[in-house]
Amino acid sequence: MSPAVPSQRVWVPDPAPAAAPANVPRTGPTAIAGDDQAPPRRALAQNWRRIARLGAIGAVAQIFVSLSGMPVKLDGRVLVEGVLSLGYLSLVVAPLAVGIRVGHQARRHGVRPHRPGAHEVVGGAACGAVAGAGVSLLTVLIANFDLRDPLVNWSPILADLLAFRRGTAFAAAVWLVLGAVIGAVGGSLRVMPVLGRRAVATAAITLFGVAVLESLTTDLAEGLGVDGLVDWFYAPRGGLTVSGAIALTVGSAALAVAGRGRIRRARASIESLDGPARRRAQLGMMVATGAMLVILPMFAGKLTNELLANVGLFVLLALGLNVVVGLAGILDLGYVAFFAVGSYSAAVLTAASSPRINPELPWLVALIGVVIVTGLVGLFIGTPVIRMRGDYLAIVTLGFGEIIRLLFLSDWLSGWFGGSQGITNIPGAEIFGLAEVSGTDPRSVFYLVLAFCALAVYVSWRLERSRIGRAWMAVREDETVAEAMGINTVNIKLLAFVVGAVLGSFSGAIFAAKVGSVFPASFLILVSIVILVVVIFGGMVNIVGVIAGAAVLIGVLGGPKQPGLLAEFSEFKLLIYGALLVWMMLARPEGLIPSVRRTRELHQEDMAQDAWLRGQADDDAAAGQPAAVGEIGESGEIGETRRRPSATVSGPQ
């Protein structure tokens, strides 16, 4: 007789209220085992506590934006003539966001969501009204109290803007109504079908993008000879005309409807290719993109080419940091040190005004010395930190980055690098005696940056798919396990530092030739932070994502000291960088254009949970039992999945 096995307590799913017929179609990503969406919730059956909480967050956000001075500073930038300015747009984002958020239903396998309806619209309106009450309260307070001593932006100018140049009572009522209307619009987006939401989102992004990129569009239009069309779209004093805005809205929405799913299908068809066919498709896209980047500066003016050159420099820096942070998982907060070493090395080797060493080498010959010096600095910085992890590693690299800048600034080395006076009169980059690249010709600078970006992209792409790249990713995931598998983690991490340093030195050498002078003030620790934000925002590990992040952040907002398309945001760049970084960490940690591997790594637990629930549902269906389905309350929050009391199961006797 076999011994008795101790009893075990196992989870047994509770039967659902009613199983849907087998022929009922599945809807949404959460449908399982013939499950359908639950009926819409009643319009007034709201979770008022949640509405008050989200509305209060929106109200605080609007008050913060108002007192930061953003509406006043951005009011001069007109988006649509006589209708909307960038200042007023900054005040309506919060009601729209909370109106969209209040109708959110978390979706998991095994949980049946309610069908959107009037409940979402009413909830959005209520939440938006609470958010709008924040601006109403601020308008009344500014009109009756003087708090300008602690709050520098507490001014009559802000009060006049918030009151629409009218009375305080009128403004207080209008912001309540306006917040409710905008919140209702956000809630109604939940009710729209997918195609309608896509059309609205495409129209809004197109309208905002064309209005914001007015200087770029005008510059390109002059080069292409279509000034008349641009004059019809844009008003003489800036901003889109009403007719131009309507045409853009209708046209972009129609294109979104007509082209629904085609981009996704094209991408899926490319991803489905294998072997040589996929490589040929990727090569074709790369050639088309490169051809466009080569042709575009020929029709662009000096402003656009200068902007493209600045973006290219940060793309080159971001590609180098992507190797260190993205592939190897080394949080380097002092990456600006390699940028500084590359700039000063190029200046010392090429400039006649260098204090002590001035061989006046050609730029391409000096570049060899720049690579060697920066690689040695990478080894010097990487050697003491390779055995550190986490926060300690970040703090030490941050310290090394600041040490390098202070060394260039110090009197001790002023006889070598000029101290606070820097090195000036740096010649341009002479390319094989055919052309000289300098800051006076932004187009040639962009072509030089483009060539080095192409080299960095190729090197990054090859390394990512090599044994070295796989070793980097193994160290990033778990250094202890990687070492146990036989990977020399010391050499691998040092190699990541050296590769990242070399790529950063390219950008520094081009920067020195472009600007014609280098100063320690150009290499603040803020540069490292901005580059890290670019990599995280675009999507770590993914080369396309890193390039997109640099184009969006640096091209639109600008770098630490480089202007972007929105010069009005110069005072608020760091605020926006921080807000974007927080939002990305909470909502989309994988980045704007993530890699497939990175997405799976970050969402591994969610996918495992969903797969377990899906497998449990399939097992229940195979056993002839209905699957467990969680209930969503009237508030929109997911309640606890109803379970049958644990059964006692005995082992075999």
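Nothing here was measured: the structure is a model prediction, and the numbers come from that model.
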Side-chain contact, heavy-atom cut-off 4.5 Å: L255 with T202?
no
Looking at CG of D332 and CG of L393, how far apart are the two atoms once the value is rounded to the nearest 0.5 Å?
7.5 Å
Could you tell me how the ring of F506 sits relative to the ring of F452: parallel (under 30°), tilted (30 to 60°) or perpendicular (over 60°)?
tilted
Does some side-chain heavy atom of I547 sit less than 4.5 Å from a side-chain heavy atom of V457?
yes
Would you sort out whether I536 and M585 count as a side chain to side chain contact (heavy atoms under 4.5 Å, CB included), showing the intermediate values?
CA-CA 9 Å; I536 294 174; M585 292 296 97; 3.2 Å; yes
R77 side chain to V212 backbone, donor-acceptor under 3.5 Å:
yes
Correct closest heavy-atom pair for N305 and P297 would be OD1-CB, 3.1 Å
Sequence-distant partners of D75, salt bridge (Lys or Arg N to Asp or Glu O under 4.0 Å), two or more places apart
R165
Residues passing the salt bridge (Lys or Arg N to Asp or Glu O under 4.0 Å) test with E402, sequence neighbours excluded, are R405
Contacts under 3.5 angstrom, residues 507-525 side chains, donor-acceptor by atom type, not counting sequence neighbours:
unit_1	atom_1	unit_2	atom_2	d
S507	OG	L313	O	3.2
K514	NZ	E306	OE2	2.9

What's the verdict on side chain to side chain contact (heavy atoms under 4.5 Å, CB included) for F497 and L379, showing C-alpha distance, side-chain angles and the deciding distance?
CA-CA 7 Å; F497 267 104; L379 285 175; over 6 Å; no
Closest approach of V325 to L331 (non-hydrogen atoms, all atoms of both residues):
CG2-CA, 4.3 Å
Taking the side chain as everything from C-beta on, heavy atoms only, tell me whether Q562 gets closer than 4.5 Å to V530.
no
State, yes or no, whether a side-chain contact exists between I404 and F338 at a heavy-atom distance under 4.5 Å.
no
If you count every heavy atom of other residues, nucleotides or ligands that lies below 6.0 Å from I468 atom CD1, does the total exceed 12?
no
For the residue pair V83 and Y88, establish whether any side-chain heavy-atom pair is separated by less than 4.5 Å.
no
Please determine whether side chain to side chain contact (heavy atoms under 4.5 Å, CB included) holds for the pair F233 and V210, giving the CA-CA distance in whole Å, both sets of side-chain angles, and the decisive distance to 0.1 Å.
CA-CA 9 Å; F233 272 104; V210 174; 5.7 Å; no
Out of curiosity, L553 CG to L580 CG, how far, rounded to the nearest 0.5 Å?
6.0 Å
Could you measure the distance from the CG atom of L240 to the CD atom of E214? Nearest 0.5 Å is fine.
7.5 Å
Spacing of CG belonging to L450 relative to CG belonging to L316, to within rounding of 0.5 Å:
11.0 Å
Candidate pair Y234 and V78, rule side chain to side chain contact (heavy atoms under 4.5 Å, CB included), full reasoning:
CA-CA 10 Å; Y234 293 107; V78 180; over 6 Å; no
Interatomic spacing from CG in L565 to CG in L216 - rounded to 0.5 Å
5.5 Å
Heavy-atom pair with the smallest gap, counting every atom of S505 and T374
CB-OG1, 3.2 Å
Would you name the heavy atoms of V552 and F537 that are closest together and state the gap between them?
CG1-CE2, 4.0 Å
Side-chain contact test, heavy atoms from C-beta onward, threshold under 4.5 Å: evaluate it for F400 versus T397 and give yes or no.
no
To the nearest 0.5 angstrom, please state how far the CG atom of L494 sits from the CD1 atom of I330.
8.5 Å
Other residues, nucleotides, ligands: >12 heavy atoms within 6.0 Å of M286 CE
no
Under 4.5 Å between any side-chain heavy atoms of L463 and W472, yes or no?
yes
Give me the atom names and distance for the closest heavy-atom approach of A351 to N425.
CB-O, 4.1 Å
Who are the side chain to side chain donor-acceptor pair (under 3.5 Å) partners of S353, not counting sequence neighbours?
none
For residues A256 and A199, report the shortest heavy-atom separation together with the two atoms involved.
CB-CA, 4.0 Å
L317 and F339, any side-chain heavy atoms less than 4.5 Å apart:
yes
Quick one: which residue pairs count as a side chain to side chain donor-acceptor pair (under 3.5 Å) with a foot in residues 443-462, not counting sequence neighbours?
D441-S444
Listed partners of P563 passing side chain to side chain contact (heavy atoms under 4.5 Å, CB included), at least two apart
none
Please determine whether the number of non-hydrogen atoms from other residues, nucleotides or ligands lying under 6.0 Å from atom CZ of R465 exceeds 12.
yes
Counting only N and O atoms by type, is there a donor-acceptor contact under 3.5 Å from the side chain of K493 to the main-chain atoms of G382?
no
Does the S90 side chain pair with the main chain of G87, one donor and one acceptor, at a distance under 3.5 Å?
yes
